[in-house]
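See below for the structure under consideration.
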Amino acid sequence: MAISASMVKELRERTGAGMMDCKKALTETDGDMEKAIDLLREKGIAKAANKADRIAAEGLTFVEVQGNKAVIVEINSETDFVSKNENFKNLVANVAKVVLANSPVDVEAALALSHEGATLAEYINTQIAKIGEKISLRRFEIVEKTDADTFGAYLHMGGRIGVLSVLTGTQDEELAKDVAMHVAAINPKYVSRDEVSQEEVIREREVLTQQALNEGKPENIVAKMVEGRLSKYFEDICLLDQPFVKDGDQKVGKYVSAKGAAVKSFTRYEVGEGMEKREDNFAEEVMSQVKK
């Protein structure tokens, strides 16, 4: 029988499988919805749907570099245990390679890319069936450089934090990696003060001014105090103003410039940042099983 788009849509909603998998299953079962569901379950594809509402806030970051292009990705799993699994690590590396090779504009476009005779989304769903947890491509950023620039890649704790830096005016990959390591450790928001918006500076100056006045400081010295505290604020958020983790006597900006280089950009991903995380209580879990 003819397989309609509405039938494919229904099967997708009921199983979470990819569109092509649903169409193939319906074709093989002559349009029988229940048999198609069973077929997808037998293939392990429908298992992904059962995990769609789970929280996946663990996982890994990864950096892939190819010539003058690089990508940093974050792929999430439900547990830290799975993120240490070799199959999961291979999946993360494979996804990064596919994304870098095709330069999709966003995650939705990335999941629609072709990979191993299917889409990237279908490939991930297949891995969900094998690994047994919800897995999702959360985000990525593709960075390009010139021949005069150098990439620095650093993964902390195997990928819990990933950083991709770009230095210009140097081919010193070790220096670029050191800067990436600093970013991983200190987590600056900006490269330099120039990137901080005027609105943010004005707001911070107003807060610091009011703080000084509330402390009872004389008005004639408040302005000087505020500028001093504003410099400390920039040190907290701006990479170039921060004491370098490998040489606390020097600021990052001066350390890098002394080697004839400059920091062009950085991207820092920390697994699960900004996401709701499941809080497991092992004692409660055991008690719930006992009560059953």
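Source: prediction; values computed, not measured. All values below were derived from every heavy atom in this structure, side-chain atoms included, with hydrogens, water molecules and symmetry-related copies excluded.
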Check: E173: what forms a salt bridge (Lys or Arg N to Asp or Glu O under 4.0 Å) with it, not counting sequence neighbours?
Finding: none
Checklist line | Contact summary for D106 and A109, nearest pair of heavy atoms | finding: OD1-N, 2.8 Å
Next item on the list: Take E64 and K69, measure what salt bridge (Lys or Arg N to Asp or Glu O under 4.0 Å) needs, and give me the verdict at the end.
Entry: CA-CA 9 Å; E64 175 73 14; K69 283 179 63 178; over 6 Å; no
Check: Which residues satisfy the side chain to side chain donor-acceptor pair (under 3.5 Å) test with T267, sequence neighbours excluded?
Finding: none
Next item on the list: Answer yes or no: is there a side-chain heavy-atom contact under 4.5 Å between K251 and P243?
Entry: yes
Margin query: I'd like to know if R268 and E270 make a salt bridge, using a cut-off of under 4.0 Å between side-chain N and carboxylate O.
Written below: yes
Check: Got a salt bridge between R160 and E273, using NZ or NE/NH1/NH2 to carboxylate O under 4.0 Å?
Finding: no
Check: Is the shortest distance from a Lys or Arg side-chain nitrogen in K246 or E174 to a carboxylate oxygen in the other one below 4.0 Å?
Finding: no
Check: By side chain to side chain donor-acceptor pair (under 3.5 Å), which residues pair with Q127, not counting sequence neighbours?
Finding: none
Notebook entry, point to check: What residue pairs, at least two apart or across chains, pass salt bridge (Lys or Arg N to Asp or Glu O under 4.0 Å) with a residue in residues 108-122?
Noted result: none
Next item on the list: Please identify each residue that fulfils salt bridge (Lys or Arg N to Asp or Glu O under 4.0 Å) with R193, with sequence neighbours left out.
Entry: D241
Next item on the list: Please state whether the rings of H115 and Y123 are parallel, tilted or perpendicular, taking 30° and 60° as the class boundaries.
Entry: perpendicular
Item checked: Of all pairs that satisfy salt bridge (Lys or Arg N to Asp or Glu O under 4.0 Å), the ones with a partner from residues 145-158, not counting sequence neighbours -> D149-K264
Next item on the list: Could you walk me through whether K89 and E86 pass the salt bridge (Lys or Arg N to Asp or Glu O under 4.0 Å) test, one step at a time?
Entry: CA-CA 5 Å; K89 291 179 181 179; E86 285 302 318; 3.6 Å; yes
Margin query: Could you check whether any side-chain N or O of S165 sits under 3.5 Å from a backbone N or O of A176, counting only pairs where one atom can act as donor and the other as acceptor?
Written below: yes
Margin query: Is there a path of hydrophobic side-chain contacts, each under 4.5 Å between heavy atoms, that joins F62 and L91?
Written below: yes
Margin query: Could you tell me if the side chain of I75 sits less than 4.5 Å from the side chain of I124, heavy atoms only?
Written below: no
Check: Regarding N214 and Q210, is there a side-chain donor-to-acceptor distance under 3.5 Å anywhere?
Finding: yes
Note to self: Can you confirm whether N68 sits close enough to E144 that some side-chain heavy atom of one is under 4.5 Å from a side-chain heavy atom of the other?
What the structure shows: no
Notebook entry, point to check: Quick one: are D247 and D249 in side-chain contact, heavy atoms under 4.5 Å?
Noted result: yes
Note to self: So that I can tick it off, tell me whether E74 and R139 are bridged by a salt bridge, with the cut-off set at under 4.0 angstrom between side-chain N and carboxylate O.
What the structure shows: yes
